[in-house]
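Down below is the structure, laid out as structure tokens.
Along the sequence shown, residues carry numbers from 1.
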Amino acid sequence: METRGSRRTPLLPVAVLLVLAALAAVLTLAARGTAGPPAAVRDVPAGPTGPTGPGPVDLAALVDAYTEGFGPSGPYAVPDAGQRRAIADGVLGALDGHPDQAGRALARVGYRLTEFTEAATGRRVAEIADATAADGRGWGRVYLDLSVRAGWSVQVPHPVSDARTEALGVDLFRAAPGGVLVLAGAHRRAGPDGASDVAHRADTVFAAVVEALTGRGLPGIQVHGFDEGSLPGQDAVVSSGAGQPGPAADTTAAGLDRAGFAVCRAWREKCGQLGGTTNVEGRFAAGLAVPWLHVELGNALRTEPARRAEVAGVLARTARGWAAG
């Protein structure tokens, strides 16, 4: 039979245990309130179209999926000046290493910044893209190599309509570090009265982004395609558009020569209407004396993977020269 004294002796240890448990709970809550998320957690989605897990992303497949529906009857909306400026500001914010600032600018127009690891190169890449589900405005995308300081851009104004220039843009972006890939978001004939032909219209997101990059002194290579029948005997045309030809034009043309391609040099030969002298991005670069190349390529050099890789290798040597200063 228990006595009153034997029932009371466990009370002190039990009370101590209760106090210690309460203290531990308080300390745990305090730690949770101040520690923040783990270092591996970032305020950036894990994949280019939302969280896709920690795995790398194949940029070529991503771009192909984005452009596969482009056609003359596709959607396109002419952006106003404020919309163009917001996206250009977002690109510059990302370029400067300020993703929060970039995100705020982009959010004003329904765009977003996402980071991922690119599968073929292992580099960190930032994507600036329309965040809306329909993505029906046709304003395009921008990819920035975050592994090193940006030093050049590759511009793809006519994806799909200049067949596989979008693939060449990816190949070149991968082949030389420090690049910015600027990709138009619609077929060149999608907009009324040529509104979506971003190589010849200044009121586009594409032009605003390229001008922002050029204003920072980044040289650019703009890639186009032509039908070989319009310039018989030539595989490629290299020019500086409205600007003066510089070392990059000579180097690029010579590299294509060595690869076995017939090259028309627009600054000293007649190359039909393929010199890019009316290109709005080229005219802007010429006004700032920033190096800029307009490269026209025949069908085989764009659509045959082996030849396209050779072209990308030549252009990458030009880009690496710019990046090296």
Side-chain angles (χ1 to χ4, degrees), residues 63 66-67 70-72 74-79 84 87-88 91 137-143 152-170 172-173 179-215 218-227 230-231 236-243 245 248-249 252 264 266-267 271-288 290-299 301-302 311 315:
V63 168
Y66 174 58
T67 60
F70 286 10
Y76 183 74
V78 178
R84 300 194 301 268
I87 296 173
V91 172
R137 294 179 288 185
W139 293 349
R141 293 181 175 183
V142 181
Y143 295 93
W152 59 280
S153 74
V154 53
Q155 305 156 19
V156 184
H158 300 146
V160 178
S161 58
D162 286 359
R164 302 307 284 157
T165 50
E166 65 277 9
L168 175 60
V170 172
L172 176 51
F173 180 80
V180 181
L181 169 58
V182 188
L183 181 66
H187 192 282
R188 68 184 299 177
R189 296 188 185 90
D193 301 320
S196 60
D197 185 355
V198 300
H200 298 99
R201 291 284 292 249
D203 58 344
T204 66
V205 168
F206 185 94
V209 169
V210 171
E211 288 178 7
L213 297 173
T214 305
L218 266 66
I221 300 175
Q222 193 168 115
V223 293
H224 292 258
F226 72 97
D227 181 352
S230 65
L231 196 64
V237 178
V238 176
S239 79
S240 296
T252 302
C264 188
W267 61 94
C271 302
Q273 303 298 313
L274 301 174
T277 55
T278 62
N279 186 286
V280 297
E281 291 82 31
R283 287 179 176 271
F284 187 83
L288 297 181
V290 173
W292 185 86
L293 291 181
H294 184 275
V295 181
E296 291 271 3
L297 299 161
N299 186 66
L301 273 61
R302 293 174 279 115
V311 172
L315 300 181

| query | Looking only at heavy atoms, which two atoms of V237 and L274 are closest? And how far apart? | reply | CG1-O, 3.6 Å
| said: What's the separation between atom CZ in R283 and atom CG in L288, rounded to the nearest 0.5 Å? | reply: 14.0 Å
| query | Do any N or O atoms from the side chain of S196 and from the backbone of A186 form a donor-acceptor pair under 3.5 angstrom? | reply | no
| Are any of the side-chain heavy atoms of V238 and C264 separated by less than 4.5 Å? | no
| field | Residues that F70 engages under ring pair (Phe, Tyr, Trp, His ring centres under 6.0 Å), provided they are two or more places apart | value | Y66
| Option among L168, V156, L172 that satisfies the side-chain contact (heavy atoms from CB on, under 4.5 Å) test with I221 | L172
| query | Is there side-chain contact between F226 and L231, with heavy atoms separated by less than 4.5 Å? | reply | yes
| said: Between D193 (side chain only) and A195 (backbone N and O only), is there a donor and an acceptor less than 3.5 Å apart? | reply: no
| How would you list, by chain and number, every residue that makes a side chain to side chain contact (heavy atoms under 4.5 Å, CB included) with P75, sequence neighbours excluded? | none
| field | Min side-chain heavy-atom separation P159-L183 under 4.5 Å | value | yes
| request: Specify the closest pair of heavy atoms between V223 and P157, including all atoms of both residues, with the distance to one decimal. | output: O-CD, 3.5 Å
| query | Looking at residues at least two apart in the chain, or sitting in another chain, which of them share a side chain to side chain contact (heavy atoms under 4.5 Å, CB included) with T277? | reply | none
| said: When you compare the side chain of W139 with that of I87, does any pair of heavy atoms fall below 4.5 Å? | reply: yes
| task | Write down the atom of R84, the atom of P79, and the distance for their closest heavy-atom approach. | result | NH1-O, 2.9 Å
| Heavy atoms, side chains only, cut-off 4.5 Å: are D162 and R188 in contact? | yes
| remark: In short, S240 meets P245 closest at the heavy-atom pair OG-CA, 3.4 Å
| Any Lys/Arg nitrogen of E166 or R164 sitting under 4.0 Å from an Asp/Glu carboxylate oxygen of the other? | yes
| message | For a quick test of reading the model, state the closest non-hydrogen atom pair linking H294 to N279 and the distance between them. | response | CD2-ND2, 4.1 Å
| Does the R302 side chain pair with the main chain of A163, one donor and one acceptor, at a distance under 3.5 Å? | yes
| task | Evaluate the side-chain proximity of T252 to L315: yes if any heavy-atom separation is below 4.5 Å, no if none is. | result | yes
| Atom pair CD/CD of Q155 and E281 - distance to nearest 0.5 Å | 6.0 Å
| field | Partners meeting ring pair (Phe, Tyr, Trp, His ring centres under 6.0 Å) with Y76 (sequence neighbours left out) | value | none
| Sequence neighbours excluded, every pair satisfying side-chain hydrogen bond (donor to acceptor under 3.5 Å, both in side chains) that has a member inside residues 201-213 | R201-D203
| request: Please report the shortest heavy-atom distance between S239 and G275, naming the atom on each side. | output: OG-O, 2.5 Å
| Listed partners of H158 passing ring pair (Phe, Tyr, Trp, His ring centres under 6.0 Å), at least two apart | H224
